[in-house]
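What follows is a single structure, written as structure tokens, with notes after it.
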Amino acid sequence: MSSKFFENPVIKWVEYRMPVFTFLDHSLGSSYPTPKNLNYWWNFGSLAGLVLVIMIVSGIVLAMNYTPHVDYAFESVERIMRDVNYGWLIRYIHMNGGSAFFICVYIHLFRGMYFGSYKEPRELLWILGVFILLAMMATAFMGYVLPWGQMSFWGATVITNLFSAIPFVGDSIVTLLWGGFSVDNPTLNRFFALHYLLPFVIVGLVVFHIWALHMHRSNNPLGVDVKGPEDMIPFHPYYTVKDLFGMGVFMVLFMFFVFYAPNFFGEPDNYIKANPMVTPPHIVPEWYFLPYYAILRAFTTDFFLFQIVSLGGFLMDAKLAGVLAMFASILLLLLLPWLDRSKVRSNRFRPINLWFFWIFFIDCIFLGYIGGKPAEGSFIIMGQIATTYYFAHIVILIPLISILERPKPIPESISSAVTSAGH
Amino acid sequence: MKKVILSAFAAVSLIMGTVTITGPAEAAPGAKPPAQDWSWQGPFGTFDRPSLRRGLQVYSEVCSGCHSLNLVAYRALGEVGFSIDEIKAFASEFEVVDGPDEDGEMFDREAIPSDMFVSPFENENAARASNNGAMPPDLSLMTKARFNGPDYLLALLTGYEEDAPAGVELMDGMSYNHYFPGNQIAMAMPIDDDSVEYADGTEATQDQIARDVVTFLAWAAEPELEERKRLGIKVMIFLIFLTGLLYALKRKVWADQH
């Protein structure tokens, strides 16, 4: 830390009592060395952070104008849309921000998988990321209930009912979630309280996520450890300006949806006020939950994977198996650092795993497509195949490939790779 | 290893191949509404004012007999060119219950611009009682509450068939409609040629009337649309310019690294 920053007497005064400026400089300033070869896929962490801030700020303003009561919630959202100054803008930002958050985080997650960012010594960083994803999902689910439209109500009914599959305590858990015997005013009230709370839990998890990041610093596209100062550049100004440019591009795309296609990611049914007496013909969750929804629904009694895990229906019924599979689909990611035995991080040097990475990616997209379709006809079978592949990839293929595959030679260091590539 | 992948591929394609692709057996969803051009589409779209005025007339004279517009206030009409005197005159045709007064009594008074559009029925039961048990839905958000709402509404309003096709048994009091899911709709054909007489002399064909009321309902559902698109242009221009500057800055900062 050079003393050039501390010539200003005010900064000096503060720094002597509490070294905030040194802290900032070491966190995202010129004293934070970063691999020099990060590509644009590394922008999505900072983008997710930006969306989190956008969501909290817009959410707090919305909460000032929202009424969490079954008789007024839907109307209060419409009052925000029609009568609150720029209420439509704030609400559309928040609504589309949910989708933008998941887009950024999913890209961030697949980037981590592609370049092996979860591997030693970044396992905790990865695990904290999975926890962030789980907290985001809970937050998004409860937030979607608040406008109290038809999809809010019926989505809440379907998803909370899943917990009834848990043996012995399931029904009590559901009653506790509902605060009664059906999704009703107490449910809306507690979901609102939790929807306001959980984002701050996410902020806390993000702090730990970044703390863990700063211990061993960013992975990089080559996946090799930094060997010395020649492999690194200071975070500021190089990556601050690169992140800012990425945020500019992101905001252009994001605001395009906010202003010109604000309901693109939404369901028309949610503009119908919740009615417990009328079930929509086709209950679907928000798009970012569709792959998990497909996994949940894949578990029918004749699904061979169900027959295996339940020992022919002896251990559990198909509903419980589906619920467990849905949670397992995310929780298994926690084990990824240990399921993958390969020491080589980046898929650039793992020719076989590279192929299967993309098949897995397509499988996830395909699960999302199936999740949006009614559970009937060939969609059931296709969903079951895709679900089987999802688990087979994580539990069987990843360990197997990591043992059998012979990786390509990895470069000595970041700078040697750059030099040999002729730059 | 390559062989392993190839055989894996072969296995997957075999499985996929044996799965016969059958269509989902959903309830008849209704015909797909033809796509229309509407004045408010596109980045500079605005609601066609004369059409919107005629649409209010159609809503008042035809739809409002059964359908409420609970989320729209009379004053909102001021945003699309109605003068305050017009709005006051329009609102005063309706009665609302107010009170209690100083004696504790509720009383009727004429509606004023700050009131919401007055509903045709006191409550849902009254609405059902007058409509053969069916509930005429509130129209405030109708164009947003259906997939491709404006196209769907126009198709629905003009998609009636006097007699159900052979083999279709209509339930008592129901009408046949090509676009309604299940094809049986409780609403009888609401508009026909000359269902209204337009104050501005426009020829009142069924299609024209339907288009006008869809325009009005699209505004009722998205009264912020014009402001949204106007502000959007400015924000997009600003953001694209800012992003361009940031890109130039990024190039300059990174110049010594390449």
Side-chain angles (χ1 to χ4, degrees), chain A residues 36 74-75 78-79 81-83 86-89 92 149-150 233 237-238 240-242 244-252 254-256 258-260 262-263 266-273 281-282 351-352 355-356 359 373-379 381-382 385 389 397 401 404-406 423, chain B residues 1-2 4-5 8-9 12 15-16 19-27 29 42-43 70-73 76 135 137-138 140-149 181 221-225 227-229 231-233 235-236 239-240 242-254 257-258:
Chain A
K36 65 181 185 182
F74 187 83
E75 284 78 2
E78 277 306 312
R79 208 187 80 80
M81 292 297 291
R82 290 157 193 268
D83 291 339
Y86 294 103
W88 56 268
L89 179 57
Y92 277 156
Q150 273 289 70
I233 47 176
Y238 293 104
T240 38
V241 73
K242 195 174 178 183
L244 275 175
F245 169 57
M247 287 177 184
V249 174
F250 167 81
M251 287 304 287
V252 168
F254 177 56
M255 282 304 180
F256 173 82
V258 168
F259 284 109
Y260 295 107
N263 293 301
E267 275 292 320
D269 269 23
N270 230 25
Y271 283 109
I272 304 170
K273 188 176 174 174
H282 195 163
I352 316 275
W355 270 100
F356 282 94
I359 297 172
K373 293 289 170 188
E376 55 196 15
S378 54
F379 290 130
I381 300 152
M382 291 193 282
I385 294 170
Y389 186 80
L397 291 176
I401 294 166
L404 297 179
E405 178 187 50
R406 181 191 296 218
H423 282 272
Chain B
M1 196 65 216
K2 217 166 200 169
V4 177
I5 304 172
F9 263 118
V12 170
I15 297 167
M16 298 296 278
V19 178
T20 41
I21 310 292
T22 53
E26 268 190 305
N70 281 332
L71 302 170
V72 184
M135 172 68 194
D138 184 78
S140 312
L141 286 164
M142 193 46 83
T143 59
K144 282 170 103 176
R146 298 291 182 274
F147 186 69
N148 282 339
E222 298 188 278
E224 89 297 341
L225 180 140
E227 190 194 359
R228 168 156 59 79
K229 293 189 170 181
L231 183 59
I233 292 285
V235 171
M236 294 311 287
L239 282 174
I240 289 168
L242 176 72
T243 305
L245 285 181
L246 288 170
Y247 181 65
L249 185 62
K250 192 255 162 193
R251 296 267 304 204
K252 190 161 166 53
V253 166
W254 280 75
Q257 285 296 325
H258 287 295

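Just so it is clear, the structure is predicted and the values come from calculations on it, not from any experiment. Labels below follow one simple rule: chain letters A, B, ... track the order of the sequence lines, proteins then strands, and each chain is numbered from 1.
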Q: Would you please classify the geometry between the A:Phe245 ring and the B:Tyr247 ring as parallel, tilted or perpendicular, with 30° and 60° separating the classes?
A: tilted
Give, as side chain, backbone, both or neither, the part of [X] having an atom under 4.5 angstrom from any heavy atom of chain B.
{"X": "A:Tyr86", "result": "side chain"}
{"X": "A:Leu89", "result": "side chain"}
{"X": "A:Asp83", "result": "side chain"}

**Q.** chain A contact via B:Pro43 - which portion, at a heavy-atom distance below 4.5 Å
**A.** both
Which pair of non-hydrogen atoms, one from [X] and one from [Y], has the smallest distance, and what is that distance?
{"X": "B:Ala145", "Y": "A:Ile272", "value": "CB-CG1, 3.7 Å"}
{"X": "A:Val258", "Y": "B:Arg228", "value": "O-CD, 3.9 Å"}
{"X": "A:Tyr260", "Y": "B:Gly232", "value": "OH-C, 3.3 Å"}

Distance check, rounded to the nearest 0.5 Å: [X] atom [atom1] versus [Y] atom [atom2]?
{"X": "A:Lys273", "Y": "B:Asn70", "atom1": "NZ", "atom2": "CG", "value": "9.0 Å"}
{"X": "B:Lys144", "Y": "A:Glu78", "atom1": "NZ", "atom2": "CD", "value": "5.5 Å"}
{"X": "A:Ile233", "Y": "B:Gln257", "atom1": "CD1", "atom2": "CD", "value": "4.5 Å"}

Q. Pick from B:Leu245, B:Leu225, B:Leu242, B:Ile233: which one has the most heavy-atom pairs with chain A under 4.5 Å?
A. B:Ile233
Q: May I ask you to name which of B:Met142, B:Lys229, B:Arg146, B:Glu224 has the most heavy-atom pairs under 4.5 Å with chain A?
A: B:Glu224
When [options] are compared by non-hydrogen pairs under 4.5 Å with chain B, the top option:
{"options": "A:Gly266, A:Gly87, A:Pro262, A:Gly246", "value": "A:Pro262"}
{"options": "A:Arg82, A:Glu75, A:Glu267", "value": "A:Arg82"}
{"options": "A:Arg406, A:Met251, A:Arg79, A:Lys242", "value": "A:Lys242"}

(Q) Please evaluate residues B:Val235 and A:Phe256 with respect to the criterion side chain to side chain contact (heavy atoms under 4.5 Å, CB included), reporting the C-alpha separation (whole Å), side-chain torsions for both, the decisive distance (0.1 Å), and the verdict. (A) CA-CA 9 Å; B:Val235 171; A:Phe256 173 82; over 6 Å; no
Q: Check the pair B:Leu239 / A:Phe254 against side chain to side chain contact (heavy atoms under 4.5 Å, CB included), numbers first and verdict last.
A: CA-CA 11 Å; B:Leu239 282 174; A:Phe254 177 56; over 6 Å; no
Pairwise side-chain contact, [X] with [Y], heavy-atom cut-off 4.5 Å (strictly under):
{"X": "A:Phe74", "Y": "B:Leu71", "answer": "yes"}
{"X": "B:Glu222", "Y": "A:Trp88", "answer": "no"}
{"X": "B:Met236", "Y": "A:Val252", "answer": "yes"}

